[in-house]
Amino acid sequence: MKKVIFGLIAIVFLSFSSNAQISITHDDAKKIAVEHNNYLANLIKTNPTSQKSINNYFDNLKFDNVSNEEKTKYFSNYSYDSNLSLLKKYINNSKVFEIINNCNLIIENEKINLSDINIQLDKQIEYAKSTLSKTDLEVCLVYIEVLKKSGEFWLEKERGGSGVGNSFLNNNNIQGKKETPKSHKVLAADAMGASGALIIGALASPWAGIGAPAVFFGIVGASAAWSSGCAAIGL
């Protein structure tokens with residue numbers, strides 16, 4: 001199965017009823033990123049070694065006013081191709097993809113530490129704010145903030161990360177593992193998972209009347225953590 005290499009985050013608007021919509025702010029993007037790290041940390045504590053063990057963890061999660069059927073939609077895609085297809089279906093501005101590519105190149109550079117990565121990612125945020133608006137800007141804000149928090153979790157201590165994620169990546173007990181995934185690929189998978197979840201929740205299957213924004217942020221963060229975990233075991 002193809003590994004997730006580059007990540008995408010698409011954030012649009014959230015529909016809570018047919019007539020009510022709210023936008024995602026920069027602070028909201030940061031909240032989604034924090035939710036992602038919280039779910040990811042709890043997942044790694046279970047020491048998952050297979051797709052089944054990862055799925056078991058997320059199957060047991062509960063979200064207020066979210067049925068199991070609705071929840072399943074957010075945990076159906078973790079591959080690059082499927083989530084990219086969703087993104088391209090709803091996002092047409094080439095500058096969004098330019099910024100995404102710039103961020104991917106930044107996290108691929110294994111010679112720089114987390115602090116320098118974040119400085120460069122913050123410059124992409126400023127560029128996005130100066131050139132984009134509405135949905136297009138929201139896409140980039142969430143993408144970059146999840147990458148920044150993901151870096152904290154997955155990068156080794158020598159580069160400013162927690163070391164927890166990096167230690168897991170070097171785990172030799174993963175079933176069917178052929179090689180150790182590069183940290184930047186797993187960071188990208190985080191963004192990829194959020195991309196698909198946000199598209200599903202905001203456009204493809206509107207988040208109508210299900211709950212508060214915090215619930216939506218939580219399930220999107222959890223979905224991103226699910227994709228990240230799959231990438232970490234080499235799927």
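In this chain, residues are counted from 1 in sequence order. As a basis for the values below, the full set of heavy atoms in this structure was taken, side chains included, without hydrogen atoms, waters or symmetry mates.
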Asker: If you compare all heavy atoms of Ala225 against all heavy atoms of Leu43, which two are closest, and at what distance to 0.1 Å?
Answerer: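 Closest approach of Ala225 to Leu43: O-CD2, 4.1 Å.
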Asker: With rounding to the nearest 0.5 angstrom, report the SG to NZ distance, Cys140 to Lys129.
Answerer: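 Rounded to the nearest 0.5 Å, the SG-NZ separation comes out at 12.0 Å.
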Asker: Is the closest side-chain heavy-atom distance between Ile106 and Leu147 below 4.5 Å?
Answerer: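 Contact flag for Ile106/Leu147 side chains = no.
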Asker: With a 4.5 Å limit on heavy-atom distance, are the side chains of Ile32 and Glu145 in contact?
Answerer: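 Of all side-chain heavy-atom pairs linking Glu145 with Ile32, none is under 4.5 Å.
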Asker: Could you tell me if His26 and Glu138 have a donor-acceptor pair between their side chains, going purely by distance under 3.5 Å?
Answerer: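 On atom types as modelled, these side chains do not qualify, holding no pair under 3.5 Å.
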Asker: Are any of the side-chain heavy atoms of Gln120 and Ile112 separated by less than 4.5 Å?
Answerer: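 Yes. Closest side-chain heavy atoms under 4.5 Å.
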Asker: What's the spacing between Ile99 CD1 and Gln124 CD if we round to 0.5 Å?
Answerer: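 Rounded to the nearest 0.5 Å, the CD1-CD separation comes out at 6.0 Å.
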Asker: So does Lys149 get a backbone contact from the side chain of Asn37, meaning a donor-acceptor N/O pair under 3.5 Å?
Answerer: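 Yes, Asn37 side chain to Lys149 backbone: donor-acceptor pair under 3.5 Å.
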Asker: Minimum heavy-atom separation for Phe63 to Tyr39, with atom names?
Answerer: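 Heavy atoms only, the tightest pair is CE2-OH, 3.3 Å.
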Asker: The test is side-chain contact (heavy atoms from CB on, under 4.5 Å); show your working for Cys103 and Leu121 and say whether it passes.
Answerer: CA-CA 6 Å; Cys103 293; Leu121 291 177; 3.8 Å; yes
Asker: Indicate the atoms forming the closest heavy-atom contact of Ser50 with Ile233, along with that distance.
Answerer: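 Between these two residues, the closest heavy atoms are C-CD1, 3.4 Å.
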Asker: Walk me through whether Gln51 and Asn55 qualify under side-chain hydrogen bond (donor to acceptor under 3.5 Å, both in side chains).
Answerer: CA-CA 6 Å; Gln51 176 77 68; Asn55 288 347; 2.9 Å; yes
Asker: Hey, mind stepping through Ile117 and Asn113 against side-chain contact (heavy atoms from CB on, under 4.5 Å) and telling me if it holds?
Answerer: CA-CA 6 Å; Ile117 288 173; Asn113 59 30; over 6 Å; no
Asker: Could you measure the distance from the CD1 atom of Ile144 to the NZ atom of Lys30? Nearest 0.5 Å is fine.
Answerer: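 Going from the CD1 atom of Ile144 to the NZ atom of Lys30 covers 12.0 Å.
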Asker: Under a 4.5 Å cut-off applied to non-hydrogen side-chain atoms, are Leu155 and Asn166 in contact?
Answerer: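 No, too far: nothing below the 4.5 Å cut-off.
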Asker: Looking at CG of Leu137 and NZ of Lys95, how far apart are the two atoms once the value is rounded to the nearest 0.5 Å?
Answerer: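 Taking CG in Leu137 and NZ in Lys95, the distance rounds to 13.5 Å.
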Asker: Would you confirm whether Ser228, through its side chain, and Ala224, through its main-chain N or O, come within 3.5 Å as a donor-acceptor pair?
Answerer: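 Checked: no pair found.
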Asker: Looking at Ile54 and Trp226, what are the two nearest heavy atoms and their distance?
Answerer: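 So the two residues come closest at CG2-CD1, 3.6 Å.
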Asker: Between Ile24 and Leu141, is a side-chain contact (heavy atoms from CB on, under 4.5 Å) present by the stated rule, with each step listed?
Answerer: CA-CA 9 Å; Ile24 296 297; Leu141 291 177; over 6 Å; no
Asker: Side-chain contact, heavy-atom cut-off 4.5 Å: Val164 with Phe168?
Answerer: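 They are not in contact (no side-chain heavy atoms under 4.5 Å apart), so the answer is no.
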Asker: Between Phe217 and Val34, is any pair of side-chain heavy atoms under 4.5 Å apart?
Answerer: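 Answer no - side chains too far apart.
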Asker: Any heavy-atom pair between the side chains of Phe153 and His36 that's under 4.5 Å?
Answerer: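 His36 does not reach Phe153 side chain to side chain.
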Asker: Which heavy-atom pair separates Leu114 from Gly160 by the least distance, and what is that distance?
Answerer: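 Between these two residues, the closest heavy atoms are CD2-O, 3.5 Å.
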Asker: With a 3.5 Å distance limit and no angle check, can you tell me whether Ser53 reaches the backbone of Thr49 through a side-chain donor-acceptor pair?
Answerer: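 Checking the backbone N and O of Thr49 against the side chain of Ser53, a donor-acceptor pair under 3.5 Å is found.
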Asker: Take Ser162 and Trp154 through the test side-chain hydrogen bond (donor to acceptor under 3.5 Å, both in side chains) and record every step on the way to the result.
Answerer: CA-CA 7 Å; Ser162 68; Trp154 289 111; over 6 Å; no
Asker: Which pairs with one or both residues in residues 113-123 pass salt bridge (Lys or Arg N to Asp or Glu O under 4.0 Å), sequence neighbours excluded?
Answerer: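 Listed once each, the pairs are Asp122-Lys148.
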Asker: Can you tell me how far CG of Asn118 sits from CD1 of Ile107, rounded to the nearest 0.5 angstrom?
Answerer: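 Reported value, rounded in 0.5 Å steps: 11.5 Å.
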Asker: I'd like to know whether Thr25 forms a side-chain contact (heavy atoms from CB on, under 4.5 Å) with Asp28, so could you lay out the CA-CA distance, the side-chain angles of the two residues, the decisive distance to 0.1 Å, and finally the verdict.
Answerer: CA-CA 5 Å; Thr25 67; Asp28 293 334; 3.2 Å; yes
Asker: Quick one, Thr46 and Asn42 - any side-chain contact, counting heavy atoms below 4.5 Å?
Answerer: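 No; the side chains remain at least 4.5 Å from each other.
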Asker: Out of curiosity, Asp136 CG to Phe97 CZ, how far, rounded to the nearest 0.5 Å?
Answerer: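 One finds 9.0 Å between CG of Asp136 and CZ of Phe97.
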Asker: Does Asn56 offer a backbone N or O that forms a donor-acceptor pair with the side chain of Asn60 under 3.5 Å?
Answerer: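 A pair under 3.5 Å: yes.
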